[in-house]
Number of protein chains: 2
Amino acid sequence: MMEDRGTFDNLPHKTIARLSQYRRALLLCLSRGKSHIFSHEIASIQHITPVQVRRDLMLIGYSGTLRKGYNIKELINLIGNIIDSEEGIKVAIVGMGNLGRALINYFSGKRHKLSIIAGFDTNPDKIGNTMNGVPCYSATRMREIIEKEGIQIAIITVPAENASQTANELVAAGIKGLLNYTPKPIDVPEYVYLEEYDMITTLEKVAFYVKMKTLEEENITTI
Amino acid sequence: MMEDRGTFDNLPHKTIARLSQYRRALLLCLSRGKSHIFSHEIASIQHITPVQVRRDLMLIGYSGTLRKGYNIKELINLIGNIIDSEEGIKVAIVGMGNLGRALINYFSGKRHKLSIIAGFDTNPDKIGNTMNGVPCYSATRMREIIEKEGIQIAIITVPAENASQTANELVAAGIKGLLNYTPKPIDVPEYVYLEEYDMITTLEKVAFYVKMKTLEEENITTI
DNA sequence: AAATAATTGTTAATAAAATAACATTGTTAT
DNA sequence: ATAACAATGTTATTTTATTAACAATTATTT
Ligand SMILES: NC(=O)c1ccc[n+]([C@@H]2O[C@H](COP(=O)([O-])OP(=O)(O)OC[C@H]3O[C@@H](n4cnc5c(N)ncnc54)[C@H](O)[C@@H]3O)[C@@H](O)[C@H]2O)c1
Ligand SMILES: NC(=O)c1ccc[n+]([C@@H]2O[C@H](COP(=O)([O-])OP(=O)(O)OC[C@H]3O[C@@H](n4cnc5c(N)ncnc54)[C@H](O)[C@@H]3O)[C@@H](O)[C@H]2O)c1
């Protein structure tokens, strides 16, 4: 017999990202005592169109009411059913440097179905410390701890030159998802989900469009 | 008379991001003494297809040679001409907390056409300090410093609740591009280029696909 | 010298994502 | 009652991005 949970496997990637953002907006509204919300309200909090919101909600099969909009609690729960794992997912951070520490501070306690429970480093000064309740283990114990704790996701924030090796070790340890903040792209087998993000690329992109806007202005004024 | 520089204004957004990544890969290869490179080599460093690389290079009008591939130096220069501003672009970081400091450490000296030259904060303990050569000014002086130094891009790393106000002030100060790392989406006029990135959304996306992979496996084994 | 192989550059096809169009449906006002 | 309105939900269209197909070129091998 088919589970209903399995029907969300072909949602567009962008929709998944937006669902997470919708939920954040919804939680905010809920905390302010609202019970219902219209598509155009969600849309204006994030900056997208109401049509996009309705289309996404259609895809996850949620219906609002015509004059009240969407029930905030219901929608939060539905998004939770889609995104979250029932049992919760454990996350590790590898590389407890500037970025790793910033992330731990930031994430801690934000989502109860998704929690960072371990950090790893090679620096003896860091091993054994605890940061915001997250213990820092020796990187040599990665496999052991990941298996013991059932950690499924790792965030890589080691120096770029160690990224590939770290990724390999994590894959060998049985990790299911990787989030790589290193500028060095890594390769993983297809059964591991990989997301990469490079801040310099993003900044360079901003710089490019700023340059373009400037050139446009110059053209307008010089013609 | 039309400048040739103006012809890159309808490159796909994704292509811009990849050009930045290609350049990183090219710089690495150059530093290792390579002079030429094939599309499949670039492709394997990033993880995309050779076709994608060739298509992007076609869009920017660069031609390689059939048996040697692309001239690394030439290509680096061309990408620089497209992405970089001749005069360089100055960047400020607003919010010298964990993330702001991590970014300053990370960026400093990475790109000479794009440099972080100022930080801003409201915390008196931070104002007046210097971090990696970047001075931290009082947030009350944002407009003054931005105008005086000709800062065009700002990275927002203040607490989420102050994001909108900070963005407004930056726009009023004449900023051209914003990179918002706060989970609070901000609104800017259309003449300001805005890029937003939320790490929790990314992590939740990874979690979703990990969950999906797990469910798939279960289905395979239980059928 | 002909065949082969490897690579580029470009066009064509496909896929993914966003936007627009619009029918439908309750609610309110007249 | 009925018209006007303001929402939703869905289908159709358009735009953007990726992938595939393949002709053209040149070095190398036979
Ligand atoms: N700092 C940022 O804002 C920022 C932004 C984007 C990307 N990054 C990238 O993130 C990574 C980390 O940046 P950072 O600023 O935190 O650097 P960092 O030097 O402060 O931290 C790196 C940490 O990793 C540890 N480490 C080294 N090798 C390791 C290994 N094999 N296993 C486990 N731990 C190991 C080091 O001991 C150190 O604590 C770098 O690759 C950097 O390019 C940083
Ligand atoms: N730390 C992370 O890894 C991380 C990751 C993703 C997003 N973020 C977001 O980035 C922002 C900063 O995170 P953080 O961990 O660095 O927080 P933080 O509290 O360490 O730093 C915030 C800094 O901003 C300063 N500040 C407050 N109001 C200001 C204002 N109006 N103008 C200028 N400066 C002001 C504070 O004094 C502080 O130094 C938050 O919105 C957070 O949600 C952080």
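Reminder, nothing fancy here: chain letters follow the sequence lines and each chain counts from 1.
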**Q** Could you state the atom-to-atom distance from CD1 of A:I48 to P of C:dA20 in whole Å?
**A** 14 Å
**Q** Return the residues of residues 188-197 of chain A meeting this criterion: a heavy atom under 4.0 Å from some atom of DNA chain D. Order them by number, or give none.
**A** none
**Q** Atom OH in A:Y209, atom CE in A:M212: separation rounded to 0.5 Å?
**A** 8.5 Å
**Q** Rounded to whole angstroms, how far apart are NE2 on B:H36 and P on C:dT8?
**A** 12 Å
**Q** A:I60 has an atom CD1; how far is it from atom P of D:dT8, in whole Å?
**A** 14 Å
**Q** For B:L59 and C:dG9, give me the distance from atom CG to atom C1', rounded to whole Å.
**A** 11 Å
**Q** Taking only heavy atoms on the protein side, list every residue of residues 62-71 of chain A lying under 4.0 Å from any atom of DNA chain C, sorted numerically.
**A** A:L66, A:R67
**Q** Calculate, to the nearest 0.5 Å, the distance between atoms CZ and OG1 belonging to B:R23 and A:T201 respectively.
**A** 9.5 Å
**Q** Does the side chain of A:I156 reach to within under 4.5 Å of the side chain of A:L170, using non-hydrogen atoms?
**A** yes
**Q** Cut-off 3.5 Å, side chains only: do A:Y193 and A:E195 have a donor facing an acceptor?
**A** yes
**Q** Looking at the rings of A:Y197 and B:Y197, which for Trp means the six-membered one, are their centres under 6.0 Å apart?
**A** yes
**Q** Salt bridge or not for A:E147 and A:R143, using N-O below 4.0 Å?
**A** yes
**Q** If I take atom CZ in residue B:R54 and atom C1' in nucleotide D:dT18, what distance separates them, rounded to the nearest angstrom?
**A** 14 Å
**Q** Give the rounded distance in Å between these two atoms: CE of B:M58 and C1' of C:dT7.
**A** 16 Å
**Q** In the structure I gave you, are the side-chain heavy atoms of A:M142 and A:V94 within less than 4.5 Å of one another anywhere?
**A** yes
**Q** Do any N or O atoms of the protein come closer than 3.5 Å to N or O atoms of nucleotides 14-18 of chain C, and which pairs are they?
**A**
unit_1, atom_1, unit_2, atom_2, d
C:dA18, OP2, A:R18, NH1, 2.9
C:dA18, OP2, A:R18, NH2, 3.2

**Q** Heavy atoms from C-beta onward define the side chain here; which of D:dT8, D:dT19, D:dT11 lies closest to that of A:S39?
**A** D:dT8
**Q** Are the side chain of B:N180 and the backbone N or O of B:K184 linked by a donor-acceptor pair below 3.5 Å?
**A** yes
**Q** Nearest-Å distance, CG (B:L57) to C1' (C:dT8)?
**A** 10 Å
**Q** If I take atom CG in residue A:D56 and atom P in nucleotide D:dT8, what distance separates them, rounded to the nearest angstrom?
**A** 14 Å
**Q** Please check: side-chain N/O of B:H47 versus main-chain N/O of A:P185, any donor-acceptor pairing under 3.5 Å?
**A** no
**Q** Quick one: are A:L30 and A:L28 in side-chain contact, heavy atoms under 4.5 Å?
**A** no
**Q** Among B:I45, B:I79, B:N71, which one satisfies side-chain contact (heavy atoms from CB on, under 4.5 Å) with B:L26?
**A** B:I79
